[in-house]
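The chain is numbered in sequence order, starting from 1.
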Amino acid sequence: MASYSASSSSLASQSPHRWRYDVFISFRGEDTRHNFSCHLYDALCRKGLQAFIDDDELQRGEEIAESLVQAIQESKGAVVIFSKDYASSTWCLDELVKIIECHQTSGQIVIPIFYDVNPSHIRKQSFDVATAFERHEQNPSNAHKIQNWRDALTMTANLSGLDSKKFRNDHMLISEIVEDVSKKLKKSNVCDRGELLVGVDSRFQQIKQALSIVGQDVCIIGIWGMGGIGKTTIAEFIYKRLSFEFEDCCFLKNIKEGTKVRDLRKELFSQLLGEKDGNIYAFPGTRLGRRRALIVLDDVDDSQQLDSLIGDPCWFGSHSVIIITGRDKQVLGRRTGFLYKVEPLKHEEALRLFSKSAFKQNYPKDDYESLSSSIVRYAQGNPLALKVLGCSLSGKPTKEWESALNKLSKVPNKNIQDKLQIGYDGLDRMEKDIFLYIACFFKGDEKDVVMRVFESCGFDADFIVSVLVDKCFVIISENTLEMHDLMQEMGKEIVRRESKHPNERSRLWDSKDVFKVLAENKAAETVESMMLDVSKIPKIDLNPKVFMKTPNLKFLKFYVPKRLYGCFEEQSNLRLPQGLDYLPDKLTYFHWDEYPMKSFPHNFRPNHLIVLGLRNSKIKQFQEEVRDENMECLVASTLGKIGMILHRCCGLIKTPPVIYGMQLGKVTHLNLENCKNISHLPNSRVGFLEAVENLNISGCENLKTFPEVSSNIRYLDLSRTAIEQVPSSSVEHLGKLEDLRMSYCENLESLPSNFFDVLTSLSRLKLQSCQRLKKLPEISENTYILETLVLAGTDLEIPSSIGNLKGLKHLAICGLPKLAFVRESVLELTGLEIELQKGPLPVSDVRKFLWALGGTFYLQKLNIGSPKLRELLENLSFSSSLTTLILSVNNFERIPAAIKQLSNLTYIDLSYCQRLISLPELPSSVISLIAHNCTSLEQIWALKQLVFESKGTAKQFSLSNCLKLDETECQEVAELLLRYHKPGVCNYLFFSFILCWYDH
């Protein structure tokens, strides 16, 4: 055995292994097994500590000794109970030798307890200890162990411990031991799987802060998130970090995995009350109500479980904490005072966690960086996926990594799939259906549209989707249905398992599968949805009866990605040379980009249609009459709101009032963008499109008259049309209109005088490049509705009443030729963002205007010479509230020193100022400087001054493709950032030849 140092120094470096136990109890069984040691063990367990104690029924032997050695190695600390005959046991002495070895090599905590013995007798090995060693020395087989035993006894006895003679009774001694162990374990900063925990501490701090805010006698906190996101890991971390602060602790894992509530309740109260067979019928409040408890209920999915386990919070003592983890927001939300959603790891955290699993270090090995990033992107911050994939790829060559990535794109990892599917199995039939539809068809689509589609299919869509959101299957972001990629892959895999033959599955989305089914004309009646990226298949001639065997098809989407839109104008990859004989009447969502036919099958009766999308199609006419008398009763009574996308249907000349028996009075969204041959729309106020709320007819070049649109209209885009006037009678009923766009209406000459008076809901008006429009109507009354007014590219006379637009936030104009007449009015507007697009700027007229600017002054592509720039900046210096200055694409060589006076300036963009040679001294408030492609820039000494003046403030300097910069000067800026900025402050320098990221 290695020689020991007789000191109780601080913990040595911890070995990088995983702890199984918090504390190992070493004791002489004959002295204390049935009293003190077992009571100590129970007390440690009640505290929430994982303790190891040797079972008295185990037979001593070499195999058991190896098990105990392993238990010692897997323990963070040890409690050594020195009793009268401890030293007489060679078994105990061997344990002690191993304990001290782990103390020295792994930094394990060791706490000696002197139970009815004198500490000096152990330390000096006198009296009973001396007698014991005399017997040991008589046994020749012990000769090589004697010195190790003596050294271990001496070193342990010299450590800080507890003497039983200083306590009135065992209960007081045990309480002190438990408190001492808890505190030392916390200070050691060692917790289960600590070497793999990434991003947990920051989440712990957020929850800990919530504990201090939630002012309840008993604080109940819910930790909510998708499977594998780290809920249990965070709960375990909190439990380990906080358990020492509580009198009673209990952690119940995997509650929903089939354990009866009765057994769970018995386990909970047994741990809290310190009884092996706790009386679960006795009212627990009489005993627990006086003690502060920490309880973790892991993976709960049933409200009744919660009610039975924690019942009335009054059962527990004041300031007790109950933490509940689960995937169902509604279940947790009923009982929690604070609900914490576990978000995915950030990219940097995810890469670190993956690297720990795959490479046993914090970053990828050489040649694995790109592959590691691809895996991290696939996992999307899910810790379970990162660890499973990292472990499975650890030690394998790059070719196997590439093969694994290719496989993952087709079939998800089984271990991850099984974990996620636990939640799916708990959904009811309708919830499963909608989840699979979103995963295989509607992910990324607009929520409101999809809800209408689902409702038309008989689903209680709002309720079911809210359930899926609460259970972390679906995410709603900016009115879009999203889900984690791993969830989507799980859903697709569930559908794949329906049949080994794609044509027999309920949902088709894979391009190869769909192509094969269409090419072989083998689609079966089981198919309910079909989605195809047309750009991913070769050209194919479809059979005219291709959909004859799919009567249950509800959702059909043949689309071209936006990035390729318009690339297949001459002929779609999906061709119908013999026509199309049949389309299923159950179609609810029908989207076919570049539909090759001029009309639909004559027998097509889409009575359930909610979405009709025919972008860039050859459609020329719709069937206007119902030929079958039995269809007349279906008119539109069963239809919900309808959306029609007929973008670039250039063959379409008019839109009929009835299509296949469907009254278009149900249409709420209509997109006729770039239907260039449409010259007029019927009057919507007499039945046509009477429900329309969103109408886009931009690019209809032959449309010369302002359409008579519905009073329900909220969004109207008439850009790039030939409209000449806006009659007063056409807008006087549009009180709900919020967004009107008429940019590039080159023939538009006038707006009615009552324009602003009747459009009482208008918040956005765009009249960009309406060059014939000379005057903006008067604004007779104060209004706080209009926020955005775009007049760039016009020579409009702006009325002095513009000051009545009290809610105006963004004004885009081309120069200020008329500003002299309105500046006093504009001065009344605060918080205004001005966008000056390319054009003349009479600087002498704008000084008083600039004086009163609030918020942001925005100069975009402003081409003026140095003298005018100097005068402009001198005027700008009076605008103390200016925070953002964009002077990109200018021809000046130097920026005037007046910029230093802009005391609140935080952001400067000088990109593409290709004649700029040097930077001036900048105000210390500047945080971000962007100067991409300033190809003449040579001197940046001002950045060094800026860093020095604003010590401790994060800075972001981006000077890419500034090829004349001196590398030495750049390095000096980087060194100053490191020298003067505080820990935790994040900065970056981005030059054409050096990229430095500083995150202390």
J.: What's the shortest heavy-atom distance between Lys447 and Leu481, and which atoms?
T.: CA-CG, 4.1 Å
J.: Would Asp739 and Arg741 pass as an ion pair if we require N to O under 4.0 Å?
T.: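 Here Asp739 pairs with Arg741 in a salt bridge, since their nearest N and O are under 4.0 Å apart.
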J.: Using the side-chain hydrogen bond (donor to acceptor under 3.5 Å, both in side chains) criterion, which residues pair with Gln578? Sequence neighbours excluded.
T.: none
J.: How would you list, by chain and number, every residue that makes a side-chain hydrogen bond (donor to acceptor under 3.5 Å, both in side chains) with Thr788, sequence neighbours excluded?
T.: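 For Thr788 there are no side-chain hydrogen bond (donor to acceptor under 3.5 Å, both in side chains) partners, ignoring immediate neighbours.
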J.: Using a 6.0 Å cut-off, check whether atom NZ of Lys516 has over 12 heavy atoms from anything other than its own residue.
T.: no
J.: Run the salt-bridge test on Arg452 and Glu455 with the 4.0 Å N-O cut-off and return the result as yes or no.
T.: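 Judged by the 4.0 Å cut-off on N to carboxylate O distance, Arg452 and Glu455 do not form a salt bridge.
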J.: Is it the case that over 12 heavy atoms from other parts of the model lie below 6.0 angstrom from the CZ atom of Arg497?
T.: yes
J.: Could you check Tyr595, Trp592, Trp509 and say which one makes a ring pair (Phe, Tyr, Trp, His ring centres under 6.0 Å) with Phe558?
T.: Trp592
J.: Please confirm whether Arg507 makes a cation-pi placement over Tyr437, using NZ or CZ under 6.0 Å from the six-membered ring centre and within 45° of the ring normal.
T.: yes
J.: List for me each residue that meets side-chain hydrogen bond (donor to acceptor under 3.5 Å, both in side chains) alongside Asp581, sequence neighbours excluded, and say none if there are none.
T.: Lys545
J.: Is it possible for you to check whether Lys554 lies under 6.0 Å from the centre of the six-membered ring of Tyr589, through NZ or CZ, and within 45° of that ring's axis?
T.: no
J.: Should the pair Lys557 and Tyr559 be classed as cation-pi, given the thresholds of under 6.0 Å to the six-membered ring centre and 45° from the axis?
T.: yes
J.: For Lys329, does the NZ atom have more than 12 heavy-atom neighbours from other residues, nucleotides or ligands under 6.0 Å away?
T.: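 No, because the 6.0 Å sphere around NZ of Lys329 holds 12 heavy atoms or fewer from other groups.
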J.: Give a yes or no on this: more than 12 heavy atoms of other residues, nucleotides or ligands lie within 6.0 Å of atom CD of Glu525.
T.: no
J.: For Phe590, run the ring pair (Phe, Tyr, Trp, His ring centres under 6.0 Å) check against Phe555, Phe600, Phe547 and tell me which one passes.
T.: Phe600
